[in-house]
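The block underneath contains the structure these notes are about, expressed in structure tokens.
Every chain is numbered from 1 and lettered A, B, ... according to where its sequence line falls, protein lines coming before strand lines.
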There are 2 protein chains.
Amino acid sequence: MTERPGDGHQHMHGAHGQEANLPAIDRRVARTRTKLERAFFHLMQEKGYDAVTIHEICDRAGVGRSTFYTHFTGKDDLKRRSLEYLRVELLESHARLKTTDDLRPFGFTLAMFEHARRHLPAYRALIGSEGLSVSLGSIRDILADLVRAELKGRGKADGRDTTVAFVVGAFMAVMTQWLDDGAKTTPAEMDTHFRRLIEHGVG
Amino acid sequence: MTERPGDGHQHMHGAHGQEANLPAIDRRVARTRTKLERAFFHLMQEKGYDAVTIHEICDRAGVGRSTFYTHFTGKDDLKRRSLEYLRVELLESHARLKTTDDLRPFGFTLAMFEHARRHLPAYRALIGSEGLSVSLGSIRDILADLVRAELKGRGKADGRDTTVAFVVGAFMAVMTQWLDDGAKTTPAEMDTHFRRLIEHGVG
DNA sequence: GGACGAAATGGACCTACTGTCCAGCATGCG
DNA sequence: CGCATGCTGGACAGTAGGTCCATTTCGTCC
């Protein structure tokens with residue numbers, strides 16, 4: 001009803017059309033899915049994940065409630081699939097930077113900060129509701145893998161879980177705090193700050 | 001007047017009777033509340049916070065469902081009040097240690113690790129369900145205050161929020177990982193490890 | 001452009017949980 | 001011991017999730 005057409009806002013879902021050789025998705029399906037995802041995304045920002053009901057999502061999307069269940073098995077499914085878009089983009093972003101910037105200690109941080117800022121509304125929606133841990137769990141896992149590889153590569157036999165948890169936990173907390181605060185400083189500044197802390201400690 | 005320490009059964013609630021000048025609690029009330037809290041505590045460990053229903057809690061406790069609502073406004077209320085016991089004990093524990101051990105960099109960490117291990121079932125229940133952030137939010141806040149004070153006291157003008165988030169986030173992550181893994185190493189070891197990381201970084 | 005088949009619809013129906021209320025029972029308190 | 005207070009169990013209303021199906025709409029493909 002009040003979807004301004006040409007508004008330039010980011011949302012957490014990306015291109016739908018896989019131009020592969022497969023069946024090719026019916027436009028109706030794509031349209032419906034997109035409507036549901038958008039509605040979900042906005043409602044999540046307004047009220048937080050838990051408070052959003054499927055009924056609301058459908059109302060907002062202008063879609064019949066039974067239609068919802070032909071696309072998603074439930075709210076969690078919708079969330080997971082929406083998060084998937086974030087995840088692949090993050091991985092691509094990291095891969096792109098990795099080639100040019102592989103030397104620095106924890107290469108992933110800058111990519112993350114930038115990715116987070118670019119998708120600020122999405123991240124805010126995820127963080128706002130439950131604290132970061134629930135929704136960003138999969139992102140945390142990705143990071144843990146990166147860090148583990150990094151530590152191992154550095155010859156530090158200290159690829160211990162404790163150290164990995166240390167780095168990832170610290171990073172997620174710093175990023176969350178930054179986003180909560182409106183992401184006022186630049187990603188580069190955050191990156192420098194974080195890297196100093198993680199490399200040399202607070203001492 | 002805490003629960004007798006010898007009964008081997010730890011739970012997250014402690015003394016009920018405020019022996020102050022106030023009304024003094026009817027035995028029936030104390031009994032019912034305890035039964036509900038115990039049932040809740042166990043169910044939470046079995047299925048996680050979200051999956052536990054009020055009906056279940058009452059069944060397990062052997063208490064009428066309507067009775068539940070004469071004591072708590074809902075599940076969240078029960079959780080919050082149960083958590084309160086943990087919180088005060090943690091503060092006491094810290095205060096006790098503070099007097100003897102004030103010199104070391106981040107004095108709170110050892111107290112936290114020991115407290116966590118002593119109440120391992122409780123912490124596991126809290127962490128297991130949602131990831132740590134939801135239920136342990138209040139503990140995180142306490143820690144943030146301690147760290148902020150610490151950094152300020154150390155003359156480091158860097159009582160910046162980012163640094164506080166860094167320390168607290170790292171600590172919570174390390175502690176969670178440790179508990180998830182069964183708390184195999186001693187609190188003292190964890191303390192040493194963490195303190196080295198936080199002071200000198202991973203470099 | 002038209003036929004076909006897949007997708008969308010909305011409403012019926014069931015289950016489960018929350019939260020309120022109340023009349024009657026039982027139990028600790030003074 | 002008497003009474004106030006707490007406990008009980010069931011009724012009731014509201015909300016949400018999830019399934020099913022007859023009917024309609026509308027892309028797709030020929």
Side-chain angles (χ1 to χ4, degrees), chain A residues 1 3 13 15-40 43-44 46-82 129-130 134, chain B residues 13 16-40 42-44 46-82 129-130 134:
Chain A
M1 9 186 94
E3 286 297 315
H13 49 281
H16 276 300
Q18 306 289 359
E19 306 296 347
N21 35 10
L22 285 182
I25 297 156
D26 194 317
R27 279 188 217 160
R28 287 171 292 182
V29 175
R31 210 166 41 207
T32 303
R33 281 219 246 269
T34 301
K35 279 196 284 186
L36 285 171
E37 281 161 4
R38 284 175 87 100
F40 173 61
L43 284 167
M44 191 139 143
E46 289 169 21
K47 330 174 48 180
Y49 177 74
D50 283 339
V52 176
T53 74
I54 293 180
H55 193 86
E56 269 176 320
I57 298 173
C58 296
D59 279 359
R60 176 75 66 105
V63 160
R65 205 165 71 87
S66 44
T67 306
F68 179 95
Y69 289 102
T70 68
H71 293 284
F72 307 98
T73 68
K75 213 178 18 161
D76 274 9
D77 187 36
L78 176 52
K79 185 186 73 183
R80 243 178 294 115
R81 292 221 231 164
S82 301
S129 50
E130 301 266 336
V134 182
Chain B
H13 50 279
H16 275 301
Q18 305 290 1
E19 304 298 349
N21 34 13
L22 285 183
I25 295 155
D26 193 315
R27 280 188 216 160
R28 288 170 292 182
V29 174
R31 212 166 38 204
T32 303
R33 280 220 246 269
T34 301
K35 280 195 285 185
L36 285 171
E37 281 161 4
R38 285 174 86 100
F40 173 61
H42 284 125
L43 283 167
M44 191 140 144
E46 291 169 20
K47 329 177 42 179
Y49 176 75
D50 282 338
V52 176
T53 75
I54 293 180
H55 193 84
E56 271 176 319
I57 298 172
C58 296
D59 279 358
R60 177 75 65 105
V63 161
R65 208 166 67 88
S66 44
T67 307
F68 179 95
Y69 290 102
T70 68
H71 293 284
F72 307 99
T73 69
K75 214 178 18 160
D76 274 9
D77 187 35
L78 176 52
K79 185 186 72 180
R80 242 178 295 115
R81 292 220 231 163
S82 302
S129 53
E130 302 267 336
V134 182

Side chains of B:Arg28 and B:Arg31: does their closest heavy-atom pair fall under 4.5 Å?
-> yes
Which residue lies toward the 5' end of DNA chain C, B:Thr73 or A:Gly64, if each is placed at its nearest nucleotide?
-> A:Gly64
Rounded to the Å, how far apart are A:Arg27 CZ and C:dA8 P?
-> 14 Å
Dump every N/O contact between nucleotides 16-18 of chain C and the protein below 3.5 Å, one line per pair.
| unit_1 | atom_1 | unit_2 | atom_2 | d |
| --- | --- | --- | --- | --- |
| C:dT18 | OP1 | B:Ile54 | N | 3.3 |
| C:dT18 | OP2 | B:Ile54 | N | 3.2 |

Rounded to the nearest 0.5 Å, what's the gap from CG on B:Leu43 to CZ on B:Arg38? Could you check?
-> 13.0 Å
Mind calculating the distance between CG (B:Leu78) and C1' (C:dG19) to the nearest angstrom?
-> 16 Å
Taking atom types as they are modelled, is there a donor-acceptor pair under 3.5 Å from the base of D:dG6 to the side chain of B:Thr70?
-> no
For atom CZ of B:Phe68 and atom P of C:dT20, their distance in whole Å = 11 Å
OG1 of A:Thr67 to CZ of A:Arg33: how many Å apart, nearest 0.5 Å?
-> 12.0 Å
Do A:Tyr49 and A:Asp76 have side-chain atoms, one donor and one acceptor, less than 3.5 Å apart?
-> yes
Once you round it to whole Å, what is the distance between P of D:dT5 and CD1 of B:Ile25?
-> 16 Å
Distance, rounded to the nearest Å, where B:Asp59 contributes CG and D:dT8 contributes P = 12 Å
Can you find a side chain N or O atom of A:Thr32 that sits less than 4.0 Å from OP1 or OP2 on C:dA8?
-> yes
Any N/O donor-acceptor pair, B:Arg28 side-chain to D:dT5 base, under 3.5 Å | yes
In B:Leu36, B:Val29, B:Thr34, the residue satisfying side-chain contact (heavy atoms from CB on, under 4.5 Å) with B:Thr32 is B:Leu36
B:Phe72 CZ to C:dT20 C1', straight-line distance once rounded to whole Å | 18 Å
When rounded to whole Å, the CG to C1' distance for the pair B:Asp26 and C:dT27 reads 8 Å
Hey, is the main chain of A:Thr53 close enough, under 3.5 Å, to the side chain of A:Lys47 for a donor-acceptor pair?
-> no
Atom NZ of A:Lys79 and atom P of D:dG17 are separated, to the nearest Å, by 14 Å
Indicate whether OP1 or OP2 belonging to D:dT8 is found under 4.0 Å from a side-chain N or O atom of B:Thr67.
-> yes
Of B:Gly74 and B:Arg31, whose nearest nucleotide on DNA chain C comes first from the 5' end?
-> B:Gly74
Taking only the side-chain nitrogens and oxygens of B:His71, find out if one of them lies under 4.0 Å from OP1 or OP2 of D:dG6.
-> no
Tell me, do B:Glu46 and B:Glu56 make a side-chain contact under 4.5 Å, heavy atoms counted?
-> no
